[in-house]
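FYI, side chains are in, hydrogens and waters are out, and symmetry mates aren't considered; it's all heavy atoms of this structure. Each ligand, and each atom within it, is numbered from 1 in the order the structure gives. Residue indices begin at 1 and follow the sequence shown.
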Amino acid sequence: MARELILGVETSCDDTSAAVVAPDGTVHSSLVVSQADLHTQFGGVWPEVASRAHIAKVIPAVKEALAIADVRAPDLHSIAVTRGPGLIGSLMVGVDTARALGLGWHLPVNGINHLRGHLRSADLEEQRVRYPAVVLLVSGGHTLLAFMKATDSIELVGSTLDDSVGEAYDKVARMLGLGYPGGPVVDRLAREGVPRYPLPRPMMQDPELRKTLNFSFSGLKTAVRNLIERTPEASKADVAASFVEACMDVLLFRARACLERFRPRSFVVVGGVAASPQLRERTTMLCDELGVSACLPPVKWSTDNAAMIALAGWDYVRAGAPVRLAATSVLSMESF
Ligand code: KG4
Ligand code: ZN
């Protein structure tokens with residue numbers, strides 16, 4: 001008999017992930033197989049290497065997720081698989097695997113927007129978000145602000161015009177010779193340094209640009225490159241601290257403007273960069289000041305995982321969303 005459980009599959013970047021999730025967000029199993037060690041030598045994700053690793057890892061991950069959840073595959077309600085945005089080769093591995101499993105097990109398959117997964121990740125395990133909510137998604141691929149009146153009412157209100165903040169962390173890490181993934185290392189080093197170098201706070205000075213809820217990080221990244229070239233004696237920790245402080249100032253400045261504009265009940269911060277203790281601390285302070293409930297889910301739900309894709313899958317089921325299974329590297333946040 002069909003059980004109220006969705007199998008989620010996520011292969012959009014460099015983590016192979018499978019999970020089994022109930023409609024209320026209860027996570028029966030969640031597996032994330034990281035490929036970070038494969039990509040370190042390249043200083044970033046090498047797409048072809050990522051796709052090949054997904055091929056090797058996705059079926060074992062699905063098998064293990066089902067075993068941990070103690071569910072027989074044909075008894076599932078359906079399968080939810082990330083169809084975009086992301087690396088096209090990696091996405092195709094996930095989508096084709098899910099499609100084949102769906103055929104073999106006679107289960108419906110829904111192609112899910114990865115960004116919708118991130119937006120819902122804070123409600124995994126327990127319902128943390130109170131609506132209306134403002135969500136800041138800060139990851140390697142995206143930096144955006146969304147206003148959610150409810151789980152089925154999503155409006156994109158700001159996004160980056162160039163690099164994402166996670167990408168800036170990764171590039172700065174490469175400039176400092178710290179390897180990949182860069183975020184956690186830059187973050188750790190920053191806590192040992194002093195933010196003594198003045199770096200630009202993009203779009204915070206110009207009176208017109210101050211009003212937007214968009215972001216830009218490529219100028220900041222270039223400023224760090226110039227700083228390293230012109231001041232080779234600068235300590236890496238001080239450069240990292242200066243960079244992190246500039247990122248935090250920009251993120252929090254926009255977050256404040258967005259919260260003042262929409263007056264939500266919750267402010268949710270998700271995505272890999274939400275692992276940053278500096279961001280968590282400053283978010284909590286801002287929310288205390290503005291009387292908004294700060295919603296910072298555990299880091300395991302903030303970074304890429306298939307549980308958030310399965311939870312978004314339940315939204316698709318409830319909404320009767322169109323079944324779209326074409327993998328696509330570009331997909332706007334508002335589309336299914
Ligand atoms: O959400 P995520 O796992 O994958 C994407 O969808 O992109 O985010 C990965 C990003 C990487 O850029 C990584 O450097 C960054 O999150 N990151 C961090 C931290 N941990 C991971 N950035 C800042 N501080 C951290 N502690
Ligand atoms: Zn992601």
Original post:
Listing by chain and number, what protein N/O/S atoms are under 2.8 Å from the Zn ion (ligand 2)?
Top reply: H114 NE2, H118 NE2, D304 OD1
Original post:
So which of L101, I112, I6, V62 actually passes side-chain contact (heavy atoms from CB on, under 4.5 Å) with I79?
Top reply: L101
Original post:
Does N110 reach the main-chain N or O of V323 with its side chain, forming a donor-acceptor pair under 3.5 Å?
Top reply: no
**OP:** Check A22 against H28 and note the closest heavy-atom contact, atom names and distance.
**Re:** CB-NE2, 4.0 Å
**OP:** Evaluate the ring planes of H114 and H118, with Trp represented by its six-membered ring, and classify them as parallel (under 30°), tilted (30 to 60°) or perpendicular (over 60°).
**Re:** perpendicular
Original post:
Any luck finding a side-chain donor-acceptor pair between Q278 and S276 under 3.5 Å?
Top reply: yes
Original post:
Considering only heavy atoms, which protein residues lie less than 4.0 Å from any atom of ligand 1?
Top reply: H114, H118, S139, G140, G141, G166, Y169, D170, G183, P184, D187, G271, G272, V273, A275, S276, S302, T303, D304
**OP:** Over 60° means perpendicular and under 30° means parallel, so classify the ring planes of F147 and F262, tilted if in between.
**Re:** parallel
**OP:** Classify the side-chain pair S216/D162 by whether it contains a donor and acceptor separated by less than 3.5 Å.
**Re:** yes
Original post:
Taking the six-membered ring where the residue is Trp, are the ring centres of Y197 and F243 under 6.0 Å apart?
Top reply: no
Original post:
Can you tell me if E10 and S12 form a side-chain donor-acceptor pair at under 3.5 Å?
Top reply: yes
